[in-house]
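Since we're looking at a predicted model, the values are computed, not measured.
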Amino acid sequence: MAESICKGTEEPWRVLEFYSGIGGMRYSLMKAGIHAQVVEAFDINNKANDVYQHNFGHRPYQGNIQNLTNGDLDSYRAHVWLLSPPCQPYTRQGLQKHSADARAFSFLNILELIPCMSKPPDMLFVENVVGFEASDTHAKMVAVLTKSDFVTQEFILNPIQFGVPYSRPRYFCLAKRKPSSFQLQLFNNQLLWSPSLLFGNDEKMVIGEHDWSPENWDKLIESCQAIEKFLEFTSSSDQADMETSSLVITDGSTNGLETTEKFVEGDIFDFSSIDQFVVPLSLIERWGSAMDIVYPDSKRCCCFTKSYYRYVKGTGSLLATVQPKKKGKASSLKEQCLRYFTPREVANLHSFPEDFQFPKHISLRQRYAMLGNSLSVAVVAPLLQYLFA
């Protein structure tokens, strides 16, 4: 019988957290109210480990996960593995080399160790970008899990479906090793596009993307909280400061992904000042047509990528702090006092807790990059509740 079935009810679940980043998975585990102990976290990024240690008091193992052996993994006696492997091999903007991409090797190595373990995990949770589900890495993952007596339920979900005004669809795989089973086994080995199952409602399950109509998405967006609920700078005095700001940058860059790095010399920032996040007028003049503009009362913003603030095209929404009579680009963008969302606000939209902090030595660029690589706690926490149920 699986070890998880035999463990005492007072004993915490022993969890391994792979690709731990800045701790989004651990925060999700905490928000889910799971009685669990993270016995080890793994990440190769030194700065991300600084952030993780700052918030949790534990520094993740920084060696190459690809070098772990089945004996190493057995030694942790973990019931559950949480994994958020690199997404670059599967993104639309990337080369889409899938399992041939070197950044996929460590994940494949971990999977291939499972059949060799004497104490394999009872449950797995995997998060990645949309597109992973169509990759050969996904096919290999499912094959290994099936061979090792796991059953899976897969999801593609968006924070908007959980009332958060943030469009960040992601793929999730939940796996349980027999004899453990899901509460609703009807959806074993299926890919679901609705969170209804997580809340005990299996009557309105969406099996395919085509089942979501534009009308349904509009209703979902309208039911979200307003963006202003997630802002740290909202007062009229903040806006007045921005209106009088003289941050005008001229930049000779000619590519369509113009950088704002000259805006900040040496990444030295006063994070308490809203002026630091004003969008330079030169960028508005050059790339305004490519910008996604939202307002405090908007109920949707675009996904923030790791390149937010460095580039203006396709990296995340910009906030208009002065609302025109007519929203959007029909009104002058220069008069709408555009600014970047701050790292704290991006963390809020990822549903990170209020006590999450970056150490002071982490630069602005690094903060945005780490948040862009993180996950939505609002989505992952209920998924974990369902997995552990």
Is the backbone of Ala143 close enough, under 3.5 Å, to the side chain of Thr146 for a donor and an acceptor to pair up by distance?
no

Evaluate the side chain to side chain contact (heavy atoms under 4.5 Å, CB included) criterion for residues Phe352 and Ser374: first the C-alpha distance (whole Å), next the side-chain angles of each, then the deciding distance (0.1 Å), finally the verdict.
CA-CA 10 Å; Phe352 274 48; Ser374 193; 3.2 Å; yes

I need the single residue from Tyr19, Trp81, Phe18 that forms a ring pair (Phe, Tyr, Trp, His ring centres under 6.0 Å) with Phe42. Which is it?
Phe18

How are the rings of Phe172 and Phe125 set relative to one another: parallel (under 30°), tilted (30 to 60°) or perpendicular (over 60°)?
tilted

If you look at every heavy atom in Ala226 and Lys299, which pair is closest and at what distance?
CA-CG, 4.3 Å

I'd like to know if Leu68 and Ile44 are part of one continuous hydrophobic network [Ile/Leu/Val/Met/Phe/Trp/Tyr, side-chain heavy atoms within less than 4.5 Å].
no

Taking it one step at a time, do Tyr311 and Tyr309 satisfy ring pair (Phe, Tyr, Trp, His ring centres under 6.0 Å)?
CA-CA 5 Å; Tyr311 304 105; Tyr309 191 84; over 10 Å; no

What heavy-atom pair brings Phe132 and His138 nearest, and what distance separates the two atoms?
O-CB, 3.0 Å

Would you please test Asn188 and Thr152 for side chain to side chain contact (heavy atoms under 4.5 Å, CB included) and show each step?
CA-CA 6 Å; Asn188 286 355; Thr152 64; over 6 Å; no

May I ask you to decide if Tyr295's main-chain N or O and Ser298's side chain share a donor-acceptor pair within less than 3.5 Å?
yes

Check the side chains of Ser180 and Asp122 for a donor-acceptor pair under 3.5 angstrom, ignoring hydrogens and angles.
no

Will you find, in the side chains of Thr69 and Asp72, an N or O donor that is under 3.5 Å from an N or O acceptor?
yes

Can you list the steps and then say if Glu112 with Lys140 is a side chain to side chain contact (heavy atoms under 4.5 Å, CB included)?
CA-CA 9 Å; Glu112 290 164 359; Lys140 293 179 181 181; 5.6 Å; no

Kindly assign one of parallel, tilted or perpendicular to the pair Phe155 and Tyr386, based on the angle between their ring planes and the thresholds 30° and 60°.
perpendicular

Heavy atoms, side chains only, cut-off 4.5 Å: are Val142 and Asn189 in contact?
no

Is it the case that Tyr171 and Glu127 place a side-chain donor and acceptor less than 3.5 Å from each other?
no

Closest heavy-atom contact between Ser194 and Leu157?
C-CD2, 3.6 Å

Flag the pair Tyr368 / Ser307 as yes when at least one side-chain heavy-atom distance between them is below 4.5 Å, and no otherwise.
no

Checking Glu133 side chain against Gly131 main chain: does a donor-acceptor pair fall under 3.5 Å?
yes

Do Phe304 and Tyr166 make the cut of ring centroids closer than 6.0 angstrom?
yes

Can you check whether Met117's main-chain N or O pairs, donor with acceptor, with Asn70's side chain at less than 3.5 Å?
no

Distance only, no hydrogens: is a donor on one side chain within 3.5 Å (strictly under) of an acceptor on the other, for Glu17 and Ser20?
no

Do Leu82 and Leu16 touch side chain to side chain, with heavy atoms closer than 4.5 Å?
no

Rounding to 0.5 Å, atoms CG (Leu375) and NE2 (His350) come to a distance of 7.5 Å

Does the Glu232 side chain pair with the main chain of Phe341, one donor and one acceptor, at a distance under 3.5 Å?
no

Close side-chain approach of Ile156 to Leu191, heavy-atom, < 4.5 Å:
yes

Taken to the nearest 0.5 Å, the spacing of Cys337 SG from Gln323 CD works out to 12.5 Å

Stepwise salt bridge (Lys or Arg N to Asp or Glu O under 4.0 Å) check, Asp50 with Lys360:
CA-CA 10 Å; Asp50 286 348; Lys360 291 182 179 179; over 6 Å; no

Ser282 vs Glu285, test: side-chain hydrogen bond (donor to acceptor under 3.5 Å, both in side chains). Steps then yes/no.
CA-CA 5 Å; Ser282 64; Glu285 291 171 352; over 6 Å; no

Is it true that Gln62 and Asn49 share a donor-acceptor pair across their side chains at a distance under 3.5 Å?
yes

Looking only at heavy atoms, the pair that brings Ser317 and Cys302 closest together is OG-N, 2.8 Å

Output side-chain donor-acceptor pairs under 3.5 Å for residues 23-31, partner residues at least two apart or in another chain, one line each.
residue: Arg26; atom: NH1; partner: Tyr52; partner atom: OH; Å: 3.0
residue: Tyr27; atom: OH; partner: Asn55; partner atom: OD1; Å: 3.4
residue: Ser28; atom: OG; partner: Gly24; partner atom: O; Å: 2.8

Nearest 0.5 Å please: distance from the NE2 atom of His54 over to the CD atom of Gln357.
4.5 Å

Which distance, rounded to the nearest 0.5 Å, do you find between the OG1 of Thr315 and the CZ of Arg310?
10.5 Å

For Phe150, all residues meeting ring-ring contact (aromatic ring centres under 6.0 Å, His included), sequence neighbours excluded
none

Measure across Leu318 and Tyr340 and return the closest heavy-atom pair with its distance rounded to 0.1 Å.
CD2-CD2, 3.5 Å

So, the side chain of Lys176 versus the backbone of Leu387: is there a donor-acceptor pair under 3.5 Å, distance only?
yes

To the nearest 0.5 Å, what is the distance between SG (Cys116) and CG (Asp74)?
10.0 Å

By side chain to side chain contact (heavy atoms under 4.5 Å, CB included) - contacts of Glu335 (at least two apart)
Ser332

Answer with yes or no whether the side chains of His35 and Glu10 bring together a donor and an acceptor at under 3.5 Å.
no

Would the distance check show the side chain of Arg177 and the main-chain N or O of Met123 forming a donor-acceptor pair, the cut-off being under 3.5 Å?
no

Treating Gln161 as the side-chain partner and Trp193 as the backbone partner, does any N or O pair qualify as donor plus acceptor under 3.5 Å?
yes

Hydrophobic clusters here meaning ILVMFWY residues chained together by side-chain heavy-atom distances under 4.5 Å, can you tell me if Phe56 and Val380 are in one?
yes

Stepwise side chain to side chain contact (heavy atoms under 4.5 Å, CB included) check, Met291 with Leu338
CA-CA 10 Å; Met291 294 175 175; Leu338 304 183; 4.0 Å; yes

So, taking the atom named CZ in Arg339 and the one named CG in Leu319, what distance separates them when rounded to the nearest 0.5 Å?
5.0 Å

Test item: Ile362 and Lys47 side chains (from C-beta on) under 4.5 Å apart, heavy atoms:
yes

Measure across Asn158 and Pro169 and return the closest heavy-atom pair with its distance rounded to 0.1 Å.
ND2-CD, 3.5 Å

